[in-house]
Amino acid sequence: MSKLVALFTVIVTLLCVEVLHGLPYTYFQSRKHHGFKTEPQFTEKYFSQTLDHFNFNSMGNGTFNQRYLITDKNWEKGYGPIFFYTGNEGDIWEFASNSGFITELAAQHRALVIFAEHRYYGRSLPFDKDSFNIPQIGLLTVEQVLADYAVMITELKQQLAATHCPVIVFGGSYGGMLSAYMRLKYPNIVAGALAASAPVLSTAGMGDSRQFFRDVTADFENVAPECRDAVRGAFHQLKELSEFQDYSRIQSELSLCQPPSSAQDIHQLNGLLRNAFTLMAMLDYPYSTHFMGNMPANPVRVGCETMLSGSDLLANLRNTAGIVYNSTGVLTCFDLYSLYLECADPTGCGLGLDSLAWDYQACTEINLCYDSNNVTDMFPPMAFTETDRQLYCGKRWAVVPRPHWLKTQFWGDALSTASNIIFSNGDLDPWANGGVRKSLSSSLIAVNISGGAHHLDLRGHNDADPVSVISARKTEADLIAQWVKMERARFRQSR
Ligand SMILES: *[C@@H]1O[C@H](CO)[C@@H](O)[C@H](O)[C@H]1NC(C)=O
Ligand SMILES: *[C@@H]1O[C@H](CO)[C@@H](O)[C@H](O)[C@H]1NC(C)=O
Ligand SMILES: *[C@@H]1O[C@H](CO)[C@@H](O)[C@H](O)[C@H]1NC(C)=O
Ligand SMILES: *[C@@H]1O[C@H](CO)[C@@H](O)[C@H](O)[C@H]1NC(C)=O
């Protein structure tokens with residue numbers, strides 16, 4: 001991982017903004033199965049997948065091995081439904097280990113559970129080490145991914161003698177977008193979708209560029225307005241030290257491995273710090289977790305306590321960043337360019353190979369032009385406009401983003417013509433307001449989870465769960481039961 005990071009650092013250092021990654025995914029690889037009361041015992045398998053679904057005569061004339069996880073432990077063979085997780089930007093084990101609700105629900109429904117890995121992530125690399133070269137990266141599109149899942153579901157149903165088993169798709173974050181899209185695009189295959197914390201509107205270019213960091217700020221402000229002020233004050237001090245070019249003081253106050261030496265280094269530092277707040281807000285679960293890194297219970301509250309723990313604001317800021325980057329307690333200093341990568345997603349691309357794939361997706365179809373401005377949020381002004389994005393993506397990947405394509409392709413503001421999708425969102429999640437917050441019809445249901453962070457509902461039950469998520473899961477289970485029934489009726493009629 002870190003060799004690649006170093007290499008990438010050299011390449012990337014240009015524009016954009018920062019982070020560890022936001023929409024989704026993997027900071028440390030964690031295989032611990034948290035949130036499960038019973039281990040789901042998945043079997044890891046590979047599926048021979050078509051490289052290019054849309055061109056019969058290209059470099060895609062072939063197949064690659066796509067990883068998936070499967071468990072039939074609870075399945076009533078040939079009859080029980082299939083619960084299919086539409087994998088997103090990371091190692092599929094990471095999602096399987098943090099989505100215990102799906103296996104718990106499967107036990108009730110006697111369902112087969114499959115977690116499919118997204119092409120270009122984890123072990124599902126179509127061209128192995130060359131996957132991230134140009135032009136090989138070109139087969140990384142949302143359309144190809146949906147086709148992968150459609151083909152995989154269809155063939156596995158054949159293989160498993162499950163052709164009349166209703167399929168329900170599940171996903172969180174970008175994975176939730178994919179599950180909603182599966183229902184839009186392949187209603188012949190998918191009876192319904194649980195799209196948890198899916199920012200389907202903002203990523204389609206229908207958001208407000210200030211929304212994300214405003215909502216991160218609101219989480220901290222809601223713990224205590226003084227907390228927001230302390231964060232703003234710390235960034236202000238950092239700005240003053242930078243203006244005086246007091247780089248050695250910045251290094252010692254913030255425990256940096258090297259003193260910063262340029263405006264670019266300060267920009268990188270601001271990005272790294274802002275990203276810590278982003279992750280605490282997204283992963284503000286009421287119990288400690290190991291998803292996209294290690295987090296204590298209620299990290300936003302812990303962050304605020306740390307920000308308010310003494311009069312040295314910069315020391316507080318360093319310790320708060322340590323909640324995210326130094327959760328192991330073994331970091332001796334913060335290395336600016338290996339802990340955080342700036343990319344086309346200002347909420348963070350994560351680290352390692354997965355971050356390359358996500359950067360490419362943010363450079364092509366998925367719009368993530370979020371800014372911070374120090375007015376509607378508590379962070380230093382860091383712009384990332386469509387023009388910045390174009391410039392960066394042209395240099396990095398030789399592509400021109402298509403900001404309107406997702407909206408055109410996946411129904412944008414006309415989602416109300418779809419059916420059988422749950423859009424669940426937690427009000428602590430900075431992604432929530434990029435998604436559907438109000439029900440659009442009797443079968444397009446918005447679920448609000450008060451006190452919920454990023455797709456809390458997909459996690460297995462926990463004693464610390466707020467009542468809101470218990471009732472959200474109940475609503476979801478009831479709707480899914482209805483869809484399964486409707487799909488069985490459809491199968492009966494067509495026989
Ligand atoms: C595609 O694959 C088939 C079977 O392997 C081969 O006969 C054909 O020449 C290939 N076409 C192209 C354009 O590479
Ligand atoms: C990481 O945590 C350990 C244990 O609390 C602490 O001694 C160390 O100074 C921290 N590292 C940084 C860079 O803050
Ligand atoms: C944020 O705004 C305040 C008030 O205008 C200003 O004093 C401070 O320097 C700004 N902080 C940054 C990091 O730009
Ligand atoms: C969920 O909360 C949002 C924001 O507070 C609100 O606008 C929306 O009406 C709520 N939706 C539902 C389905 O209750």
Side-chain angles (χ1 to χ4, degrees), residues 2 5 16-20 27-28 209-210 212-214 216-218 220-221 225-260 262-280 288 290 293-297 299 302-340 342 346 351 370-385:
S2 61
V5 166
C16 240
V17 202
E18 86 274 310
V19 192
L20 233 176
Y27 178 25
F28 299 116
S209 64
R210 294 166 304 184
F212 188 88
F213 293 108
R214 186 194 66 210
V216 171
T217 300
F220 289 86
E221 192 172 60
E226 304 77 41
C227 174
R228 170 206 58 202
D229 297 341
V231 174
R232 200 175 256 145
F235 279 111
H236 171 72
Q237 285 188 12
L238 181 55
K239 184 182 89 172
E240 297 220 302
L241 291 177
S242 313
E243 280 166 1
F244 292 120
Q245 302 198 354
D246 197 346
Y247 291 142
S248 60
R249 172 98 188 278
I250 293 174
Q251 178 186 18
S252 64
E253 286 276 9
L254 293 175
S255 301
L256 306 183
C257 300
Q258 255 113 52
S262 64
Q264 169 56 37
D265 288 351
I266 298 298
H267 175 78
Q268 175 72 14
L269 174 59
N270 281 327
L272 176 146
L273 293 168
R274 187 180 67 176
N275 190 52
F277 291 93
T278 295
L279 287 167
M280 289 185 277
S288 68
H290 305 266
N294 304 316
M295 282 287 167
V302 175
C304 280
E305 280 162 6
T306 310
M307 277 313 301
L308 296 170
S309 63
S311 56
D312 185 346
L313 286 182
L314 286 177
N316 296 345
L317 184 59
R318 174 195 66 218
N319 294 334
T320 303
I323 297 169
V324 171
Y325 299 110
N326 188 21
S327 62
T328 53
V330 299
L331 203 71
T332 53
C333 58
F334 293 100
D335 184 63
L336 278 187
Y337 290 96
S338 70
L339 291 171
Y340 170 71
E342 187 171 46
L351 299 171
Y370 291 116
D371 295 326
S372 58
N373 57 36
N374 182 37
V375 177
T376 53
D377 56 63
M378 62 189 179
F379 301 110
M382 296 174 86
F384 186 60
T385 63

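Just so you know, ligand 1 is whichever comes first in the structure, and atom 1 is the first atom listed for that ligand. Note that the coordinates shown come from a computational prediction; the quantities given were computed from them, not determined experimentally.
Without hydrogens or angle criteria, Asn270 side chain to Pro380 main chain gives no donor-acceptor distance under 3.5 Å. Put simply, the side chain of Thr306 gets close to the backbone of Val302: a donor and an acceptor are under 3.5 Å apart.
Each of the atoms 14 (O) of ligand 3 lies under 4.0 Å from some heavy atom of Pro381. Close approach to Phe235 involves these atoms of ligand 3, each under 4.0 Å from a residue heavy atom: 13 (C). Within ligand 3, counting atoms from 1 as listed, the ones closer than 4.0 Å to a heavy atom of His236 are 7 (O), 8 (C), 9 (O).
Using bins of under 30°, 30° to 60° and over 60° for the plane-to-plane angle, the ring pair Phe277/Phe235 lands in the tilted bin.
Between Lys239 and ligand 3, at least one pair of N/O atoms sits closer than 3.5 Å.
Counted by atom type alone, Asp377 and Thr217 present zero donor-acceptor pairs between their side chains at under 3.5 Å. For Asp265 and Tyr337, the side-chain atoms include at least one donor-acceptor pair closer than 3.5 Å. No donor-acceptor contact under 3.5 angstrom links the side chains of Arg210 and Asn373, judged on distance only.
No close placement of the Phe384 and Tyr370 rings is indicated, their centers lying 6.0 Å or farther apart.
Under 4.0 Å from any atom of ligand 2, one finds heavy atoms of residues Ser255, Asn326, Gly329, Leu331, Thr332, Cys333, Phe334.
Not counting sequence neighbours, Arg214 has no partner by the salt bridge (charged side-chain N to carboxylate O under 4.0 Å, His left out) test.
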